[in-house]
Amino acid sequence: MEQRSSGTSRGGCLASNHRRLCRFPTLGRLGVDAGRTDPLRSYSSDQDVQDGGSIAKAGPIQLGQLAHALRSSLAHDKTTLVRLPLGWNGDDWPFEDPLDFLGYDGGGGIGSGPGMTIGAALALKGSDRIAVSVLGDGDYMMGVQALWTAAHDDIPFLAVVANNRSYFNDEVHQEKVALARDRDVSRKWIGQRIDEPAPDLAAMARAQGLEGLGPIRDLADLPDALDEALKMVKSGRGVVVDVVVSPGYNSDMKAGLVREP
């Protein structure tokens, strides 16, 4: 049975996909672009996982394509998804067991993902499950020092960084505020973009004694990188894979941001 959450909750927040999202009632009226507006298909249907589907096999990577590739690599393994990024589409990965997905922390905070990943991986160590997280790059960098614990205590895990090289949620917020105050929207990236230079996220893992792969920029290279990472995890290593993804939200996420009260 697939577990999906929808509907509203107390405090003026919307429960959408895997986390609660506070409403931004003016976003739609102001015409803010919360990323791509066309519906994103689910890249991870059961048939896609079995035969590869008919989706693109090369080029820039979207978050849904990352979900498909990751689920395909892990198709024969029991996994626990510890953490998922804000733009994740719940339709891309069905959950059938309470340990398939551990949920989200409260308050919309950022930076807890690495610590949650290592803590859950420690709890799962020696079990038949692999601890897997998909982290945003901002979340990863704010808590990256937590990875040292995994190196010190030999805790295996797989962390895939969905790296859009931005605190993208705040770019959306900056645009909303700029339009409300009749200011220059083109400056929304200032203080939010994580580029020029782009940090070497895989090197941050290697510097702490773990394995680091990437950056992976082309969809054609992603399956092999994930398969290599999985082999390392099964040998007892903690692994970080840096995957560069296009910024943007899936249609469900965008609907949550622009829904009126």
Side-chain angles (χ1 to χ4, degrees), residues 43-44 52 55-75 77 79 81-89 92-93 110-111 113-118 120-121 130-151 155-168 192-248:
Y43 287 98
S44 296
I55 63 173
K57 299 297 191 296
I61 303 168
Q62 296 178 17
L63 187 57
Q65 293 168 322
L66 169 57
H68 168 84
L70 183 59
R71 187 179 167 203
S72 296
S73 291
L74 296 168
D77 297 285
T79 59
L81 293 180
V82 180
R83 176 82 166 211
L84 297 172
L86 186 62
W88 187 268
N89 188 343
D92 281 332
W93 200 304
I110 189 171
M116 290 173 60
T117 301
I118 305 311
I130 299 172
V132 179
S133 280
V134 183
L135 307 173
D137 48 328
D139 188 32
Y140 174 79
M141 289 194 296
M142 286 189 181
V144 69
Q145 70 276 8
L147 301 185
W148 178 87
T149 298
I155 303 171
F157 70 91
L158 174 59
V160 179
V161 182
N163 183 3
N164 61 18
R165 294 180 173 167
S166 171
Y167 297 108
F168 184 72
Q192 315 303 336
R193 204 69 55 84
I194 311 173
D195 206 353
E196 298 181 355
D200 190 335
L201 306 186
M204 293 181 184
R206 293 193 298 269
Q208 298 180 77
L210 300 172
E211 305 292 342
L213 304 178
I216 309 300
R217 299 182 178 88
D218 194 297
L219 184 60
D221 300 323
L222 184 56
D224 287 345
L226 293 175
D227 288 346
E228 180 182 357
L230 183 58
K231 291 178 183 177
M232 294 178 180
V233 174
K234 289 182 176 180
S235 72
R237 300 290 290 160
V239 185
V240 172
V241 185
D242 178 10
V243 181
V244 178
V245 299
S246 302

Requested in this report: Could you note down all residue pairs passing side chain to side chain donor-acceptor pair (under 3.5 Å) where residues 199-221 supplies at least one of them, sequence neighbours left out?
Outcome: Glu211-Arg237
Query - Spacing of CG belonging to Leu66 relative to CH2 belonging to Trp88, to within rounding of 0.5 Å - result: 6.0 Å
Query raised in the report: Tyr140 versus Asp242: any side-chain heavy-atom pair under 4.5 Å?
Result: no
Query - Side-chain heavy-atom pair Leu213, Glu228 within 4.5 angstrom cut-off - result: yes
Report task. Could you pull out all residues at least two apart from Ser73 that satisfy side chain to side chain contact (heavy atoms under 4.5 Å, CB included)? Result -> Leu226, Asp227
Report task. Specify the closest pair of heavy atoms between Gly136 and Pro85, including all atoms of both residues, with the distance to one decimal. Result -> N-CB, 4.3 Å
Report task. Could you tell me whether the side chain of Val233 reaches within less than 4.5 Å of the side chain of Ile130, counting heavy atoms only? Result -> yes
Query raised in the report: When rounded to the nearest 0.5 angstrom, what distance separates CD in Gln62 from CG in Leu219?
Result: 9.5 Å
Report summary line: Here the gap from Leu158 atom CG to Thr79 atom OG1, rounded to the nearest 0.5 Å, amounts to 9.5 Å
Report summary line: CG of Leu201 to CG of Asp137, rounded to nearest 0.5 Å, is 6.5 Å
Query raised in the report: Given side chains that start at C-beta, do those of Met141 and Pro199 come closer than 4.5 Å, heavy atoms only?
Result: yes
Report summary line: Rounded to the nearest 0.5 angstrom, the CD1-CG distance for Ile216 and Asn163 is 11.5 Å
Query - Close side-chain approach of Asp77 to Lys234, heavy-atom, < 4.5 Å - result: yes
**Report entry** Side-chain heavy-atom pair Val161, Val240 within 4.5 angstrom cut-off
**Finding:** yes
Query raised in the report: So do Phe157 and Val82 actually touch side chain to side chain, heavy atoms under 4.5 Å?
Result: no
Report task. Dump the intermediate steps for side-chain contact (heavy atoms from CB on, under 4.5 Å) on Leu63 and Asn89, then the final yes or no. Result -> CA-CA 8 Å; Leu63 187 57; Asn89 188 343; over 6 Å; no
Query raised in the report: Between atom CG of Leu70 and atom CD of Gln65, what is the distance when rounded to the nearest 0.5 Å?
Result: 13.5 Å
**Report entry** Beyond-backbone contact of Pro114 with Leu135, side-chain heavy atoms, under 4.5 angstrom
**Finding:** yes
Query raised in the report: Taking all non-hydrogen atoms of both residues, which atom of Ala205 and which atom of Gly212 are closest, and how far apart?
Result: CB-CA, 4.4 Å
Query - Where Ile118 and Leu147 come nearest, the two heavy atoms and their spacing - result: CD1-CD2, 3.9 Å
Query raised in the report: Of the non-hydrogen atoms in Gly238 and Leu210, which two are nearest, and what is the gap between them?
Result: O-CB, 3.5 Å
